[in-house]
Amino acid sequence: MTPEDTELNAWLLPETVANGMVTGCRKHMRRLNSPHTIRTVLLGLAVGLSVLAPVLAVSGPSLRTGLWVTQKISEAAADPAAFEAAVRGNPHLSGVCLATGWKEIEKEPGKPDFSSIDKAVAVLRRIGMKYELGIKPGVDAPPFVYQQGAQSFETQIRNPHRPNFGAAVTIPVPWDPKYQENFSRIIARLGERYSSDPLCVSVVLTCANFMSKEMHLPKTPEDRAKWSTMGDYGPKLLSVYKKYTDEWAKAFPKQQVTLHLSQVLNLPPSFFEGVIEYGLSKYPERFTIQNCQLTGRREDTGSLSYDLIQKYQDRAHHGFQSVAGFGHGGERMGSIEMATLNVVHANGEYWELWHGDGMKPQTSAAIESAWQEAKKLGYDGYKEKLITGGRYQEQSGGGHRRKGRRGRRNGLEGDPRMRLKESM
């Protein structure tokens, strides 16, 4: 029982508390014989609920705020001077999201090479810039995992924007014990090396991934048929996410543990809610959820990850990553103003920009300016300004995103923007 529960029990009659929730009120109300008694009990309930309320809200300030930029560790390590100049040259940045493939830092089991991460981190330490660490398994799992006998899942690259489109690739089955043994080891080693750094404020909750740090898994009809041959994969994946929520949180006890939300196969919203509820129950001050499909083409309400952000915005730390770069002509990403409206609508704490946008001071300045104005006006006020100025974009389908394959349940799964996004 938590201290909050103990305090709540002191205010409420015994039968009114079960699993931290108020119950049994009708039973006691039938026993009340006077208006004075009713007022006394209602006062006790009001005070008790006021004690419970903080438990249902976000606990503690977010370690990540403002604009962040994505950065491949290999590129930063290849030219630290250029990386440092780019970060120093953009005063609008609050942090850097460092990412690397697992096989880039561990080519032999138990013998990781952290030199590339060290070079990138050394730059950020000189600047005093916060950073996040993201390690990608999936297609970036090292070959020795399979050589040791880990079960593999073979599929193909379906992203037509990638140079290896159509190529055969392999990922480890997320619940395979040999894969988990190796991935758990590298997480622990990373924690030993970087968790004490006060500038390291977040890690990405990776464990069951395809080509990115998001929750994607291969999902064509052929892929889903292969997953089905492995049994009921929903409970298995839920167990994997619970296990690695704990492992990342243990290895990095002072950092936010960030889940990059995205549709997984054909699993229902209850699966994602199960992962989120577990994280919040264990690490309410640090568990973080992120939408990586932020657009500026329309209001994003109606997509799975955005709706989850909306649902948990008062309980979980949360932020966004752009689905594309604004520097690509705006066709894929849309406008800065509409993207800002989506961030403010969900009270986003931070916003990750693609590398090209985040390393351009002019672009970052425009985004920061729009964000500050939208915060000041609020969602309704900023939306009205965009409508008045002809900058507001209606959702497709007469204001509501069409449900079905590309609708609420699957989010942007069939959108060509997502096919590129998954490759990052």
Side-chain angles (χ1 to χ4, degrees), residues 59-60 62-64 68 70 73 95-106 112 114 117 121 130-138 140-142 145 171-172 174-177 179-210 212-217 236-262 264 271-272 274-292 308 312 316-319 321 349-350 352:
S59 300
S62 176
L63 297 176
R64 298 182 66 194
W68 288 59
T70 59
I73 289 174
V96 179
C97 305
L98 297 175
T100 188
W102 177 13
K103 63 185 178 184
E104 293 183 47
I105 60 173
E106 188 176 19
F114 295 128
I117 303 179
V121 167
K130 294 180 179 180
Y131 65 92
E132 174 187 68
L133 278 180
I135 308 299
K136 296 186 295 180
D140 286 299
V145 171
I171 67 170
W175 50 84
D176 178 83
Y179 157 67
Q180 292 188 351
E181 174 190 327
N182 283 283
F183 194 54
S184 296
R185 184 184 61 245
I186 193 65
I187 291 173
R189 296 289 297 274
L190 285 164
E192 292 169 2
R193 195 172 187 88
Y194 302 104
S195 65
S196 61
D197 186 351
L199 292 177
C200 179
V201 298
S202 176
V203 289
V204 184
L205 203 181
T206 51
C207 58
N209 308 86
F210 184 18
S212 71
K213 301 187 294 295
E214 297 173 47
M215 299 174 75
H216 294 294
L217 286 174
K236 292 181 180 180
L237 285 170
L238 181 58
S239 295
V240 170
Y241 273 99
K242 288 181 177 180
K243 171 182 172 65
Y244 281 98
T245 296
D246 289 335
E247 295 208 10
W248 278 110
K250 179 182 178 181
F252 289 86
K254 298 179 181 179
Q255 285 76 11
Q256 290 186 201
V257 179
T258 305
L259 178 67
H260 287 195
L261 296 166
S262 62
V264 179
F271 166 78
F272 307 93
V275 178
I276 296 170
E277 291 289 351
Y278 181 81
L280 291 177
S281 70
K282 297 288 292 290
Y283 314 101
E285 296 185 354
R286 300 193 288 134
F287 190 79
T288 304
I289 53 177
Q290 178 171 308
N291 170 299
C292 296
L308 287 169
Y312 288 98
H317 291 300
H318 60 283
Q321 183 187 109
E349 296 172 330
Y350 63 89
E352 293 182 6

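Residues take their numbers from the sequence shown, with the count starting at 1. All heavy atoms count here, side chains included; hydrogens, waters and symmetry mates do not.
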Open item on the list: Going by the rule salt bridge (Lys or Arg N to Asp or Glu O under 4.0 Å), which residues pair with Asp140 if we only count those two or more places apart in sequence or in a different chain?
Closed with: Lys136

TODO: Among Val204, Thr258, Ile187, find the residue that satisfies the side chain to side chain contact (heavy atoms under 4.5 Å, CB included) test when tested with Trp248.
DONE: Ile187

TODO: Look up atom CG in Leu259 and atom NE2 in His318, then write down how far apart they are to the nearest 0.5 Å.
DONE: 14.0 Å

Task: Contact list for residues 193-210, test salt bridge (charged side-chain N to carboxylate O under 4.0 Å, His left out), sequence neighbours left out - done: Asp118-Arg193, Arg125-Asp197

- [ ] Provide the closest heavy-atom pair for Tyr194 versus Phe114 in the form atom of the first, atom of the second, distance.
- [x] OH-CB, 3.3 Å

- [ ] Identify, with sequence neighbours excluded, every residue that meets side-chain contact (heavy atoms from CB on, under 4.5 Å) alongside Pro253.
- [x] Ser195, Gln255

Open item on the list: Within the 4.5 Å heavy-atom criterion, are Arg64 and Cys97 side-chain neighbours or not?
Closed with: yes

Open item on the list: Just to verify, what does Thr206 make a side chain to side chain donor-acceptor pair (under 3.5 Å) with, not counting sequence neighbours?
Closed with: none

TODO: Compare every heavy atom of Ile171 with every heavy atom of Gly138, then report the nearest pair and how far apart it is.
DONE: C-CG2, 3.6 Å

- [ ] With sequence neighbours excluded, tell me which residues meet ring-ring contact (aromatic ring centres under 6.0 Å, His included) with Tyr283.
- [x] none

Task: Ile186 side, atom CD1; Lys103 side, atom NZ - distance, nearest 0.5 Å - done: 15.0 Å

- [ ] Under the side chain to side chain donor-acceptor pair (under 3.5 Å) rule, collect the residues that match up with Ser62, sequence neighbours excluded.
- [x] Gln256, Glu349

Task: Minimal non-hydrogen separation, Leu238 against Phe271, with atom names - done: N-CE1, 3.5 Å

- [ ] Please report the C-alpha distance between Phe287 and Leu205 in whole Å, then the side-chain angles of each, then the deciding distance to 0.1 Å, and finally whether the side chain to side chain contact (heavy atoms under 4.5 Å, CB included) criterion is met.
- [x] CA-CA 9 Å; Phe287 190 79; Leu205 203 181; 3.9 Å; yes

Open item on the list: Within the structure provided, determine whether Val145 and Asp176 are in side-chain contact (heavy-atom separation under 4.5 Å).
Closed with: no

Task: Residue pair His317 / Gly60: nearest heavy atoms and the distance that separates them - done: CE1-O, 2.9 Å

Task: Spacing of Tyr350 atom OH and Leu63 atom CG [to the nearest 0.5 Å] - done: 11.0 Å

TODO: Please list, chain by chain and in numerical order, all residues satisfying side chain to side chain donor-acceptor pair (under 3.5 Å) with Asn209, sequence neighbours excluded.
DONE: none

Open item on the list: Which residues pass the side-chain contact (heavy atoms from CB on, under 4.5 Å) test with Glu277, not counting sequence neighbours?
Closed with: Tyr312, Arg315

Task: Passing option when His260 is tested against Gln290, Lys213, Glu214 for side chain to side chain donor-acceptor pair (under 3.5 Å) - done: Gln290

- [ ] Take Val257 and Thr288, measure what side chain to side chain contact (heavy atoms under 4.5 Å, CB included) needs, and give me the verdict at the end.
- [x] CA-CA 6 Å; Val257 179; Thr288 304; over 6 Å; no

Task: Side-chain donor or acceptor of Ser184 paired with backbone N/O of Glu181 under 3.5 Å - done: no

Task: Worked verdict on Phe252 versus Leu190 for side chain to side chain contact (heavy atoms under 4.5 Å, CB included) - done: CA-CA 9 Å; Phe252 289 86; Leu190 285 164; 3.9 Å; yes

Open item on the list: Test of understanding: with salt bridge (Lys or Arg N to Asp or Glu O under 4.0 Å), list the residues that count as partners of Lys282, not counting sequence neighbours.
Closed with: Asp246

Task: Worked verdict on Ile105 versus Ile73 for side chain to side chain contact (heavy atoms under 4.5 Å, CB included) - done: CA-CA 10 Å; Ile105 60 173; Ile73 289 174; over 6 Å; no

Task: Residue pairs, two or more places apart or on separate chains, that pass salt bridge (charged side-chain N to carboxylate O under 4.0 Å, His left out) and touch residues 236-245 - done: Lys243-Glu247

Task: Closest approach of Glu132 to Ser202 (non-hydrogen atoms, all atoms of both residues) - done: OE2-OG, 2.8 Å

Task: Beyond-backbone contact of Val203 with Leu133, side-chain heavy atoms, under 4.5 angstrom - done: yes

Open item on the list: Using 0.5 Å steps for rounding, measure from the SG atom of Cys207 to the CZ atom of Phe183.
Closed with: 7.0 Å

Task: Closest non-hydrogen atom pair between Ala208 and Val240, with its separation - done: CB-CG1, 4.5 Å

- [ ] List in chain and number order the residues that pass side chain to side chain donor-acceptor pair (under 3.5 Å) with Trp102, two or more places apart in sequence or in another chain; answer none if no residue qualifies.
- [x] Glu106

Task: Side-chain heavy atoms of Ile276 within contact of Leu261, under 4.5 Å - done: yes

TODO: Verify, without hydrogens or angle tests, whether Thr245 (side chain) and Gly279 (backbone) share a donor-acceptor contact under 3.5 angstrom.
DONE: no

Task: Distance in Å, Leu98 CG paired with Ile117 CD1, rounded so as to fall on 0.5 Å steps - done: 8.0 Å

Open item on the list: For the CZ atom of Phe272 and the CE atom of Met215, what is their distance to the nearest 0.5 Å?
Closed with: 5.5 Å

